[in-house]
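Scope of the values below: all heavy atoms of this structure, side chains included, with no hydrogens, waters or symmetry mates. Just so you know, residue 1 is the first one in the sequence shown, and it goes up from there.
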Amino acid sequence: MNIDWIMETASGVYSVLAALPPLSTQTPLPPDYSGIESIHSQKFSVAIFIFMLLAIALFAGIAASFILGKNSKAIKTGEKWLFVWIFLGIVVSIVFGALQLLGGYLF
């Protein structure tokens with residue numbers, strides 16, 4: 001194996017990389033106004049959060065009407081626990097969305 005060929009190749013690569021300007025002298029990119037940090041994205045996140053709250057309110061209303069309906073006496077214990085966990089999930093999802101929105105963006 002010829003080690004001189006490897007050394008010449010490494011030297012050539014180093015000379016090409018050394019000819020590049022340092023990163024600090026390159027011009028910065030213009031600001032991205034459509035990114036997650038922009039005002040438009042924040043307004044969009046607020047709109048998504050409001051839409052999520054409306055959808056949750058509709059879902060909770062349907063679930064509550066089922067629980068409080070005329071056959072509420074016929075609901076079994078397991079179904080009651082199911083609705084307890086559903087409403088707990090609703091509360092957790094609202095808190096999670098609000099915390100994400102306070103952090104600056106909503107996934």
Side-chain angles (χ1 to χ4, degrees):
M1 176 177 233
N2 189 357
I3 192 119
D4 293 332
W5 176 79
I6 296 173
M7 294 302 289
E8 288 175 11
T9 304
S11 176
V13 169
Y14 177 75
S15 65
V16 168
L17 291 176
L20 293 175
L23 292 177
S24 62
T25 61
Q26 293 179 353
T27 58
L29 295 173
D32 183 17
Y33 294 110
S34 64
I36 198 70
E37 295 87 11
S38 70
I39 296 296
H40 297 292
S41 292
Q42 180 67 23
K43 288 180 182 177
F44 184 70
S45 292
V46 170
I48 289 174
F49 185 70
I50 291 171
F51 178 74
M52 182 187 77
L53 288 179
L54 291 175
I56 287 174
L58 177 69
F59 177 74
I62 292 171
S65 69
F66 182 77
I67 292 173
L68 302 173
K70 58 183 175 181
N71 292 330
S72 63
K73 302 281 185 197
I75 295 177
K76 301 174 187 171
T77 306
E79 291 173 340
K80 290 177 185 176
W81 278 106
L82 174 74
F83 284 112
V84 166
W85 285 108
I86 286 174
F87 285 114
L88 183 65
I90 289 171
V91 170
V92 168
S93 67
I94 291 172
V95 169
F96 185 73
L99 288 176
Q100 281 188 339
L101 196 60
L102 286 175
Y105 55 89
L106 184 64
F107 286 121

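The side chain to side chain contact (heavy atoms under 4.5 Å, CB included) test applied to Phe83 returns Ala63, Phe66, Ile67, Ile86, Phe87, not counting sequence neighbours. The side chain to side chain contact (heavy atoms under 4.5 Å, CB included) test applied to Ile56 returns Met52, Ile90, Ser93, Ile94, not counting sequence neighbours.
Between the side chain of Glu79 and the backbone N or O of Lys76, at least one donor-acceptor pair lies under 3.5 Å.
Separation of atoms CZ (Phe51) and CG (Leu54) is listed at 8.0 Å; rounding is to 0.5 Å.
Other residues sharing the hydrophobic cluster of Leu58, ordered by chain and number and joined by side-chain separations under 4.5 Å: Ile62.
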